[in-house]
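Before any comments, here is the structure.
In what follows, residues are counted from 1 in the order of the sequence shown.
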Amino acid sequence: MWFRVLGPLDVSVDWEPVQVGKNRQLTVLAVLLMEVNKTVSVGRLIEAVWSGCAPKTAAEQIQTCIWRLRRAFVNAGAGSGLIETTASGYSLRLAADKIDTGVFETWVSQARAIAGAGDHTEAIAVYRKALRLFRGPVLAEVDSPMVRTAAAKWEERMLSVLEDCVELELKSGLDSQLVPELTVLVEQNPLRERLRWQLMLALHRSDRRADALAVYREGRSVLVDELGVEPGRKLQELHHKILNGELPAQAAPVAAAAVRVPAQLLADAPDFVERREYTKEIRRVLTAPDATGVRIAALLGRCGVGKSALALHVAHQMRDRFPDGQLYAELGASRCTPAGIGEIACGFLRALGVSDARIPADPDERAAMYRSLLATRKVLVVLDDVVDARQVRPLLPGGPGSAVLMTSRTTVTDLAGVNPVEVDAFSDAEAIELFTSIVGPVRVDAEPDAMREILRLAGNLPLLVRAAGARLAARPHLRLGHLATRLRDPRRRLDEFSHGALDVRESLAATVNGLPAEAKRLWRALSKLPVDSFDAWMAAVDTGGSVQAAERLLDLLVDRRLVDIVGVDDRGNVRYRMHEVIALYATELSQPAPESRAA
């Protein structure tokens with residue numbers, strides 16, 4: 001639900017207007033919105049509606065207004081909980097992004113912070129975006145004196161913010177562009193000395209000295225006639241300098257805005273287990289001195305081998321090598337709907353300091369602008385969970401100074417210049433190190449055999465090791481041997497290896513769902529084979545005896561890391577194997593009867 005009060009009162013849900021009534025209901029809602037997230041007493045609501053001439057039934061009528069507003073919200077699909085009843089009155093509860101006054105204050109705070117960092121151009125863009133939220137006189141249709149007083153405060157707030165924005169625009173040399181707007185504002189607000197000062201300065205810098213002096217004379221006349229006071233010191237000083245030629249006709253050059261340095265990396269895991277052979281290889285690729293183009297390292301491996309954690313760990317270690325910043329995006333291969341190129345490029349452009357007003361609407365143009373900005377910078381771009389080479393190609397930086405570190409469950413070697421790094425499960429020592437750091441050495445030392453069995457059943461996959469450790473850490477009373485006993489039952493194993501967000505099924509689902517139907521069918525059938533490894537001839541049983549069709553589908557399953565190649569037998573046939581946990585998931589998804597008999 002979206003509320004607007006910086007102009008005519010407007011309520012909408014998904015841009016469809018909500019009818020909230022007129023007269024008393026409108027006044028009650030306006031007061032609640034003017035004091036959003038605060039309790040408004042029934043007495044104040046009565047005063048707002050009747051202004052001292054309330055009937056005896058005023059409290060009951062206010063209660064009826066609240067009931068009608070709640071019903072209007074419910075009918076619009078927003079629920080009845082927006083207006084809370086408190087001990088002394090009512091409170092309208094809204095997040096800052098659900099009402100234009102909250103959005104206005106958020107953007108003004110952002111603009112001030114950006115200006116403080118030295119980026120005047122971006123600060124001006126954000127200020128102007130905030131000021132555009134004002135659509136006319138605030139709540140002009142509500143004639144309650146209490147509402148009019150609150151509305152006047154917001155109009156004063158708008159003028160104050162506008163003056164701050166104009167101050168930056170004058171510093172940026174936009175004097176001539178400001179003269180028409182400031183002329184109108186001074187006519188509408190003749191007693192605001194700051195606006196008059198800004199108009200005088202803009203006129204003087206636009207070679208209109210006489211007009212600037214005339215603006216001062218008019219202002220002095222208004223102040224003396226209406227208030228009986230002389231203009232303030234600042235206005236008098238500016239008049240004196242213009243009159244005596246002591247003020248330069250042009251604005252002093254503004255220093256270049258500080259370059260925005262993004263730092264978007266997610267936090268490094270505090271219990272990360274160092275994997276030195278991978279770390280060394282990744283660093284070698286990303287810092288290759290003889291690279292003629294962008295350097296690309298792709299961490300490839302099945303679900304759960306810790307690619308994302310490894311990528312973030314190395315990225316944090318290498319921040320000093322990329323002084324212009326680090327960009328991070330999750331491309332969503334494991335989600336139902338992967339991220340679009342335009343969406344990712346838009347986020348990167350904002351992080352690099354491009355205002356929304358300058359970001360192109362066309363996704364290809366966004367990506368082109370992003371590549372141009374990185375052409376002369378040294379930025380590390382981390383792309384997590386990549387779908388394929390086609391998705392990542394537009395996001396490669398446009399110059400050789402930057403580098404890309406990506407993770408993917410699929411083969412992306414068709415991407416020019418990519419250096420693949422195959423990531424496998426933990427070694428025994430690494431699995432023990434992570435498990436012990438989560439569960440604690442006391443419990444591990446008490447049941448070392450149970451610990452080794454848990455890790456064996458996890459296949460040393462980091463995701464499963466962490467899930468088992470997290471489950472035990474959440475249950476201090478649970479013995480390691482008891483968890484090992486549960487894990488021995490294949491039907492329970494996937495459940496026991498899931499804890500909170502650590503869900504192996506969820507991680508595998510997107511990879512499997514993206515397969516063609518015939519590949520899914522073969523994959524499920526292979527999970528039931530009573531052998532440790534198999535070749536294309538055995539797989540051909542499910543493809544109607546066509547070895548060529550089986551090899552084609554097996555290649556796809558290998559590319560998706562759902563099946564592994566384990567070698568070549570003495571007859572020259574490629575041997576394949578399915579990881580035990582992946583096989584359990586495939587069996588769980590299998591349909592009975594036909595596939596089981598074929599296997």
Closest approach of Cys346 to Arg366 (non-hydrogen atoms, all atoms of both residues): CB-NH1, 3.5 Å

How many angstroms lie between OG1 in Thr85 and OH in Tyr90, if you round to the nearest 0.5 Å? 5.0 Å

CG on Leu201 to NZ on Lys241, rounded to 0.5 Å: 10.0 Å

Lys129, NZ: over 12 other non-hydrogen atoms inside 6.0 angstrom: yes

I would like to know whether Arg157 and Glu105 meet salt bridge (charged side-chain N to carboxylate O under 4.0 Å, His left out); could you show each step before the answer? CA-CA 10 Å; Arg157 175 75 175 131; Glu105 293 296 358; 2.8 Å; yes

Under 3.5 Å, is there a donor-acceptor pair linking the side chains of Gln317 and His313? yes

Does Leu139 reach the side chain of Arg148, with side-chain heavy atoms less than 4.5 Å apart? yes

Over 12 foreign heavy atoms within 6.0 Å of CD, Gln19: no

Could you check Arg192 against Glu156 for salt bridge (charged side-chain N to carboxylate O under 4.0 Å, His left out), going step by step and ending with a plain yes or no? CA-CA 11 Å; Arg192 290 192 77 91; Glu156 167 66 25; 2.7 Å; yes

The test is salt bridge (charged side-chain N to carboxylate O under 4.0 Å, His left out); show your working for Arg132 and Asp100 and say whether it passes. CA-CA 10 Å; Arg132 284 195 293 271; Asp100 55 0; over 6 Å; no

Looking only at heavy atoms, which two atoms of Phe322 and Leu286 are closest? And how far apart? CZ-O, 4.0 Å

Please indicate whether Glu163 has more than 12 foreign heavy atoms, meaning atoms of other residues, nucleotides or ligands, lying under 6.0 Å from its CD. yes

Angle between ring planes, Phe3 versus Phe73, binned at 30° and 60°: parallel, tilted or perpendicular? perpendicular

Write down the atom of Arg24, the atom of Cys65, and the distance for their closest heavy-atom approach. CB-SG, 3.8 Å

What is the minimum heavy-atom distance between Ala339 and Glu330, and which atoms define it? CB-O, 4.0 Å

So, do His239 and Leu213 sit near enough that their side-chain heavy atoms are less than 4.5 Å apart? yes

Can you tell me how far the NZ atom of Lys234 sits from the CZ atom of Arg196, to the nearest 0.5 Å? 15.0 Å

Just checking Arg220: does its CZ atom have more than 12 heavy atoms from other residues, nucleotides or ligands closer to it than 6.0 angstrom? no

Which value, rounded to the nearest 0.5 Å, describes the distance between Leu92 atom CG and Asn37 atom CG? 7.5 Å

To the closest 0.5 Å, what do you measure between CG (Leu352) and CZ (Arg377)? 5.5 Å

Salt bridge (Lys or Arg N to Asp or Glu O under 4.0 Å) partner of Glu84, the single match among Arg93, Lys38, Arg70: Arg93

Around atom CZ of Arg390, are there more than 12 heavy atoms from other residues, nucleotides or ligands closer than 6.0 Å? no

So which heavy atom on Asp384 is nearest to which on Ser308, and how close? OD1-OG, 2.7 Å

